[in-house]
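Just so it is clear, the values below take in all heavy atoms, side chains as well, and ignore hydrogens, waters and symmetry mates.
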Amino acid sequence: MALLQNLGLDQNAVVVDLGTGTGQFALAVAAHCARAVAVDVSPVMLAELRGKLDRAGMDNVEVVQAGFLDYEHHGAPADVIYSRYALHHVPDFWKGVAFARLHTALRPGGLLRLWDVVYNFEPAEAESRLEAWCATGGSVDAEGWSRADYEEHVRDEHSTYTWVLEAIAQRVGFTIEQAEYSTDGIFAQYVLRRP
């Protein structure tokens, strides 16, 4: 939140939380903006979020069932779009379409804050880097992610390389203001701006 406030998030802002899940970010940002739009494909997650909103008495959070490829933004353009651990569900071809749609939903000067599993290593390092990541998982019975969960992510999800994702984002018109990579080469965080 502090990063976004330092980058200009204020009480007049429109914020879209894409891949909101149960709305942790949407609930937190709602106190700092005029309108928050919480978007997710899962009706179960959105039902949980609606319950949280009812209990909190919040009226500036709109809940929308959609994803990267079918979310239709209405009203004033977004000042900030936030997405954490959701874009890896979209194959690279469709990431281009998703980025183009997000670019259109933002006002000029608006920000996309993206945080996801994005590999920052060379293809020749993939086997050793991914093995090291999977080895951090616990047993299936332990709390948190198991080795099997990490292996399933590598096998079934669409995480890509930083150099692929960044090229797609720039191709649709974003500028990369910040890029941070985890030391293990597994995660990346971005601040992308629509000029």
Side-chain angles (χ1 to χ4, degrees), residues 1 4 9 13-30 33-56 58-107 110-119 144-146 148-162 164-166 168-169 171-174 186-192 194:
M1 190 71 62
L4 294 176
L9 176 70
V14 174
V15 178
V16 176
D17 181 8
L18 196 49
T20 194
T22 60
Q24 180 179 352
F25 177 77
L27 291 165
V29 79
C33 68
R35 176 180 171 226
V37 184
V39 182
D40 204 282
V41 296
S42 170
V44 174
M45 295 288 191
L46 295 178
E48 176 69 23
L49 173 56
R50 285 185 183 100
K52 289 179 180 180
L53 291 170
D54 288 345
R55 288 187 295 279
M58 300 180 87
D59 62 0
N60 68 329
V61 179
E62 177 185 349
V63 178
V64 177
Q65 185 176 354
F68 286 97
L69 302 175
D70 61 351
Y71 170 65
E72 297 285 338
H73 187 75
H74 299 286
D79 297 285
V80 175
I81 298 176
Y82 177 90
S83 182
R84 182 172 177 177
Y85 299 132
L87 189 62
H88 65 260
H89 295 293
V90 180
D92 284 354
F93 172 84
W94 294 107
K95 282 180 177 77
V97 174
F99 272 128
R101 293 175 58 80
L102 298 177
H103 190 271
T104 299
L106 282 167
R107 68 166 172 77
L111 298 174
L112 170 58
R113 173 68 165 146
L114 179 65
W115 189 338
D116 216 314
V117 180
V118 189
Y119 304 131
W145 280 56
S146 69
D149 292 328
Y150 289 127
E151 289 173 347
E152 180 181 8
H153 178 97
V154 171
R155 183 181 61 248
D156 296 342
E157 299 293 349
H158 302 285
S159 295
T160 192
Y161 291 103
T162 54
V164 173
L165 185 78
E166 291 166 12
I168 294 170
R171 182 70 178 221
V172 301
F174 283 107
I186 301 297
F187 304 98
Q189 299 178 45
Y190 295 98
V191 174
L192 307 173
R194 176 183 173 177

Note to self: I need the minimum non-hydrogen distance between I81 and A105, along with the two atoms involved.
What the structure shows: CD1-CB, 4.1 Å
Note to self: Around atom CE of M45, are there more than 12 heavy atoms from other residues, nucleotides or ligands closer than 6.0 Å?
What the structure shows: no
Note to self: To check you understand the geometry: which heavy-atom pair defines the closest contact between A30 and N60, and what is its length?
What the structure shows: O-ND2, 2.8 Å
Note to self: Checking the side chain of T162 only, and the main-chain atoms of V118 only, is there a donor and an acceptor separated by less than 3.5 Å?
What the structure shows: no
Item checked: Closest heavy-atom pair and its distance - A66, Y71 -> CB-CA, 3.7 Å
Note to self: Set out, in order, the CA-CA distance, both residues' side-chain angles and the distance that settles side chain to side chain contact (heavy atoms under 4.5 Å, CB included) for V37 and V15, then state yes or no.
What the structure shows: CA-CA 6 Å; V37 184; V15 178; over 6 Å; no
Item checked: Atom of L112, atom of L106 and distance for their closest heavy-atom approach -> N-CD1, 4.1 Å
Margin query: Using a 6.0 Å cut-off, check whether atom CD of Q65 has over 12 heavy atoms from anything other than its own residue.
Written below: yes
Notebook entry, point to check: What distance do L111 atom CG and L192 atom CG have between them, rounded to the nearest 0.5 Å?
Noted result: 9.0 Å
Next item on the list: With side chain to side chain contact (heavy atoms under 4.5 Å, CB included) as the test, would you mind laying out the steps for W94 and F68 before giving the verdict?
Entry: CA-CA 9 Å; W94 294 107; F68 286 97; over 6 Å; no
Margin query: I'd like to check L165 versus F99 (side-chain heavy atoms, cut-off strictly below 4.5 Å). Are they in contact?
Written below: yes
Next item on the list: Only counting residues at least two apart or in another chain, list the ones meeting side-chain hydrogen bond (donor to acceptor under 3.5 Å, both in side chains) with H88.
Entry: D116
Next item on the list: Report the C-alpha separation of V80 and V16 in whole Å, then their side-chain angles, then the decisive distance to 0.1 Å, and conclude whether the side chain to side chain contact (heavy atoms under 4.5 Å, CB included) test is met.
Entry: CA-CA 6 Å; V80 175; V16 176; over 6 Å; no
Check: Using 30° and 60° as the class limits, which term best fits the ring planes of Y82 and F25: parallel, tilted or perpendicular?
Finding: parallel
Note to self: Could you check whether any side-chain heavy atom of V29 comes within less than 4.5 Å of a side-chain heavy atom of D17, counting everything from C-beta outward?
What the structure shows: no
Notebook entry, point to check: Between A38 and V61, which heavy-atom pair has the shortest distance, and what is it?
Noted result: CB-CG1, 4.2 Å
Note to self: Main chain of G110, side chain of D79: is a donor-acceptor contact present, judged purely on distance under 3.5 Å?
What the structure shows: no
Check: If you measure from CD1 on I168 to OG1 on T160, what distance do you get to the nearest 0.5 Å?
Finding: 6.5 Å
Margin query: Checking side chain to side chain contact (heavy atoms under 4.5 Å, CB included) between L49 and each of L27, D54, V44, which is the one that passes?
Written below: L27
Check: If we ignore angles and hydrogens, is there a donor and acceptor under 3.5 Å between the side chains of W145 and Y150?
Finding: no
Item checked: Straight-line distance of Q189 CD to F187 CZ, nearest 0.5 Å -> 10.0 Å
Next item on the list: Check whether any side-chain N or O of D149 sits under 3.5 Å from a backbone N or O of S146 as a donor-acceptor pair, and report yes or no.
Entry: yes
Next item on the list: Identify the heavy atoms of G19 and A86 that sit nearest to each other, and give their distance.
Entry: CA-CB, 4.0 Å
Notebook entry, point to check: Do S159 and Y119 have side chains that get closer than 4.5 Å, going by heavy atoms?
Noted result: yes
Notebook entry, point to check: How about E166 and Y161: does a side-chain donor come under 3.5 Å of a side-chain acceptor?
Noted result: no
Check: Backbone N or O of G67 within a donor-acceptor pair of the D70 side chain at under 3.5 Å?
Finding: yes
Next item on the list: Find the distance between CG (L46) and OG1 (T22) and round it off to the nearest 0.5 Å.
Entry: 10.0 Å
Next item on the list: Please answer whether the main-chain N or O of L18 pairs with a side-chain N or O of D40 as donor and acceptor at a distance below 3.5 Å.
Entry: no
Notebook entry, point to check: Side chain of R107, backbone of A78: donor and acceptor closer than 3.5 Å?
Noted result: no
Margin query: Measuring only between side-chain heavy atoms, which start at C-beta, is E62 closer than 4.5 Å to V39?
Written below: no
Checklist line | Side-chain donor/acceptor of R101 to backbone N/O of V97, under 3.5 Å | finding: no
Next item on the list: With rounding to the nearest 0.5 Å, note down the distance linking CG in L9 to CZ in R113.
Entry: 12.5 Å
Next item on the list: Indicate yes or no for a side-chain donor-acceptor contact from K95 to the backbone of H158 under 3.5 Å, with no hydrogens or angles considered.
Entry: yes
Margin query: Can a donor-acceptor pair be found, under 3.5 Å and without considering hydrogens, that links the side chain of R194 to the backbone of H103?
Written below: yes
Next item on the list: Please round to the nearest 0.5 Å and tell me the distance separating atom NZ of K52 and atom CZ of R50.
Entry: 13.5 Å
